[in-house]
Student: 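There's a structure below that I have some questions on.
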Amino acid sequence: ENTLETAPAVTQSAEELALRAAAESGDAQAQYDLALALVRPIPPHFGPVKEGAEAAELLEKSAGQGNADAAFLLGYICQYATGVTKDVGKSVTWLTRAADAGHVPAMITLAATYRTGDGVMKNKIKARDLYAKAAEKGNNNARTALATMYMEGDGVHKDGKMALAWFKRAVKDGHAPAMLGMGNLYAKSDLGVQNGPKAVYWTHQAVAHGYAPAVYSLGLLYRDGVGTVAPDAYRAYLWLRLTYELSALSQVSAQMPGKTPETENGEAELPYWLENAERVLTPDQRKKAEAEMAAWLKKGPPAPPAKEPQ
């Protein structure tokens, strides 16, 4: 005898029922909390969205009552099509409302939108001003972005001193991306702040603080030399080799140039930047490097100097 199997009914807890009842009665916080539950996981992590359309409706009601968190989240999901159709115009409207209310993540998201021109006309001045507001509120991502704009002359006049000031404020809080940024700044020769030892020191600090992209950057500093730091082929190979080894264990390879395919026998080809670094070593240096790399992978790479060089 054939029987029709039906999916079990989804039961809601008393807490969930109470939250939905409060949201339906017009409670702005309950509307936001319910929407948040519907769209989890939320930024900065992406994942499957449960009920994007319902969440957007709830967020719009909550944001309309002045909830800046709801305005931000609504702007975010409209910008990045998280469960809803991408709508940059609507996104900018709600992100602006949240930013005007002092919501720092909204300031940063809106700044990035104007900086890249993602669906809107690029406006680097607006981006700079928004990053500056978020930076003054203590956000280190904004401080680092603002410093980078001054370092690169991205929509503003290049200003090494201004870039250094903002990087330093973020570095003081232990922000690893700012450490790498400061290393990059000290490596530049056109901003009046070049200092090779400081470039190596701060890039190495970023490595010590777990910021994987800095490993590759440190290898390049040793490969090319910077300021008074002469090229060092052996150290360059070690740090570039570590970059390669890390890429096999994590997603770092997605951030590194020359991501390598496999050969016909299934072995990974060495990326060009590592091949070139290895080619200049003597056989004895290669043997020594292999032993040193094995120790690094087991115990970790050497720590940076305790004191910042002058």
Student: Kindly state each residue pair satisfying side-chain hydrogen bond (donor to acceptor under 3.5 Å, both in side chains) with at least one member in residues 53-70, sequence neighbours excluded.
Tutor: Arg20-Glu54, Gln31-Gln65, Glu60-Lys90, Ser62-Asn67, Asp69-His103
Student: Please answer: with hydrophobic residues joined when any side-chain heavy atoms are less than 4.5 Å apart, are Val104 and Leu130 in the same cluster?
Tutor: no
Student: I'd like to check Tyr244 versus Leu240 (side-chain heavy atoms, cut-off strictly below 4.5 Å). Are they in contact?
Tutor: no
Student: Between Leu191 and Met162, is there a shared hydrophobic cluster once you connect ILVMFWY residues whose side-chain heavy atoms come closer than 4.5 Å?
Tutor: no
Student: Can you sort out the partners of Lys124 under side-chain hydrogen bond (donor to acceptor under 3.5 Å, both in side chains), two or more places apart, ordered by chain and number?
Tutor: Asp154
Student: Heavy-atom distance under 4.5 Å between the side chains of Pro197 and Val229, does that happen here?
Tutor: yes
Student: Sequence neighbours left out, cut at 3.5 Å: what donor-acceptor pairs do the side chains of residues 169-182 make with other protein atoms?
Tutor:
residue: Asp173; atom: OD2; partner: Asn140; partner atom: ND2; Å: 3.2
residue: Asp173; atom: OD2; partner: Arg143; partner atom: NH1; Å: 3.3
residue: His175; atom: NE2; partner: Asn141; partner atom: OD1; Å: 3.3

Student: Let's go through Asn139 and Ile108 carefully: what are the C-alpha distance in whole Å and the side-chain angles of both, what is the deciding distance for side chain to side chain contact (heavy atoms under 4.5 Å, CB included) to 0.1 Å, and is it a yes or a no?
Tutor: CA-CA 9 Å; Asn139 186 277; Ile108 296 172; 3.0 Å; yes
Student: Do the side chain of Gln194 and the main chain of Tyr186 share a donor and acceptor less than 3.5 angstrom apart?
Tutor: no
Student: Give every residue pair that meets the side-chain hydrogen bond (donor to acceptor under 3.5 Å, both in side chains) criterion with at least one member in residues 156-168, sequence neighbours excluded.
Tutor: Lys158-Asp190
Student: Supply the atom-to-atom distance Leu297 CG to Glu292 CD, rounded to the nearest 0.5 angstrom.
Tutor: 11.0 Å
Student: What pairs with Tyr201 under side-chain hydrogen bond (donor to acceptor under 3.5 Å, both in side chains), at least two apart in sequence or on another chain?
Tutor: Gln205
Student: Are any of the side-chain heavy atoms of Asp33 and Gln29 separated by less than 4.5 Å?
Tutor: yes
Student: Please answer: with hydrophobic residues joined when any side-chain heavy atoms are less than 4.5 Å apart, are Met151 and Leu220 in the same cluster?
Tutor: no
Student: For residues 217-232, pull every pair meeting side-chain hydrogen bond (donor to acceptor under 3.5 Å, both in side chains), keeping only residues two or more places apart or in separate chains.
Tutor: Tyr222-Arg235
Student: What do the steps show when you test Glu245 against Arg241 for salt bridge (Lys or Arg N to Asp or Glu O under 4.0 Å), and what is the final call?
Tutor: CA-CA 6 Å; Glu245 297 295 341; Arg241 182 76 196 193; 3.0 Å; yes
Student: Please report the closest heavy-atom contact between Asp118 and Gln79, naming both atoms and the distance.
Tutor: OD2-NE2, 3.0 Å
Student: If you apply the rule side chain to side chain contact (heavy atoms under 4.5 Å, CB included), what do you find for Val88 with Lys86, and how did you get there?
Tutor: CA-CA 6 Å; Val88 177; Lys86 185 179 180 75; 3.7 Å; yes
Student: Considering all heavy atoms of both residues, which atom of Leu74 and which atom of Ala56 are nearest to each other, and what is their separation?
Tutor: CD1-O, 3.9 Å
Student: What pairs with Glu24 under side-chain hydrogen bond (donor to acceptor under 3.5 Å, both in side chains), at least two apart in sequence or on another chain?
Tutor: none
Student: Quick check: closest heavy atoms across Val226 and Ala199, and the distance to 0.1 Å?
Tutor: CG1-CB, 4.3 Å
Student: Can you tell me how far apart CG (Leu19) and CD (Glu16) are? Round to the nearest 0.5 Å.
Tutor: 8.5 Å
Student: Show which side-chain atoms of residues 298-310 pair as donor or acceptor with protein atoms under 3.5 Å away, not counting sequence neighbours.
Tutor:
residue: Glu308; atom: OE2; partner: Lys198; partner atom: NZ; Å: 2.7
residue: Glu308; atom: OE2; partner: Trp202; partner atom: NE1; Å: 2.9

Student: Could you tell me which residues satisfy salt bridge (Lys or Arg N to Asp or Glu O under 4.0 Å) with Glu152, sequence neighbours excluded, listed by chain and number?
Tutor: none
Student: Would you kindly confirm whether Ile125 and Leu95 end up in one hydrophobic cluster when ILVMFWY residues are joined by side chain heavy atoms under 4.5 Å apart?
Tutor: no
Student: Can we call the ring centroids of Tyr216 and Trp239 under 6.0 Å apart?
Tutor: no
Student: Can you tell me how far CG of Leu58 sits from CG of Leu36, rounded to the nearest 0.5 angstrom?
Tutor: 11.0 Å
Student: What are the two closest non-hydrogen atoms of Ala30 and Ala22, and how far apart are they?
Tutor: CB-CB, 3.6 Å
Student: Does a side-chain heavy-atom distance below 4.5 Å link Lys122 with Arg115?
Tutor: no
Student: At what distance, to the nearest 0.5 angstrom, does OG1 of Thr144 lie from CE of Met149?
Tutor: 13.5 Å
Student: Report yes if some heavy atom in the side chain of Leu73 is under 4.5 Å from a heavy atom in the side chain of Trp94; otherwise report no.
Tutor: no
Student: Which heavy atom in Ala132 sits nearest to a heavy atom in Leu146, and how many Å separate them?
Tutor: CA-CD2, 3.8 Å
Student: Test side chain to side chain contact (heavy atoms under 4.5 Å, CB included) on Leu164 and Tyr150; report intermediate values, then the result.
Tutor: CA-CA 9 Å; Leu164 185 59; Tyr150 281 113; over 6 Å; no
Student: Give the minimum heavy-atom separation between Ala68 and Ala98, together with the two atoms involved.
Tutor: O-CB, 3.6 Å
Student: Among all residues two or more places apart in sequence or in another chain, which pass the salt bridge (Lys or Arg N to Asp or Glu O under 4.0 Å) test with Arg128?
Tutor: none
Student: Clusters formed by hydrophobic residues whose side-chain heavy atoms approach within less than 4.5 Å: which one holds Met121, and what are its other members?
Tutor: none
Student: Tell me whether Asn276 contacts the main-chain N or O of Tyr272 through its side chain, where contact means a donor paired with an acceptor under 3.5 Å.
Tutor: yes
Student: Report yes if some heavy atom in the side chain of Thr109 is under 4.5 Å from a heavy atom in the side chain of Phe72; otherwise report no.
Tutor: yes
Student: Would you indicate whether the side-chain heavy atoms of Thr282 and Gln285 approach each other to under 4.5 Å?
Tutor: yes
Student: May I ask whether Val193 and Val200 are part of the same hydrophobic cluster, defined by side-chain heavy atoms of I, L, V, M, F, W, Y residues being less than 4.5 angstrom apart, directly or through others?
Tutor: no
Student: Tell me, please, which residues at least two apart from Glu290 pass side-chain hydrogen bond (donor to acceptor under 3.5 Å, both in side chains).
Tutor: Tyr237
Student: Atom OH in Tyr76, atom CG in Leu59: separation rounded to 0.5 Å?
Tutor: 14.0 Å
Student: Is the shortest heavy-atom distance from the side chain of Thr148 to the side chain of Phe167 under 4.5 Å?
Tutor: yes
Student: What's the verdict on side chain to side chain contact (heavy atoms under 4.5 Å, CB included) for Leu242 and Leu238, showing C-alpha distance, side-chain angles and the deciding distance?
Tutor: CA-CA 6 Å; Leu242 182 59; Leu238 283 173; over 6 Å; no
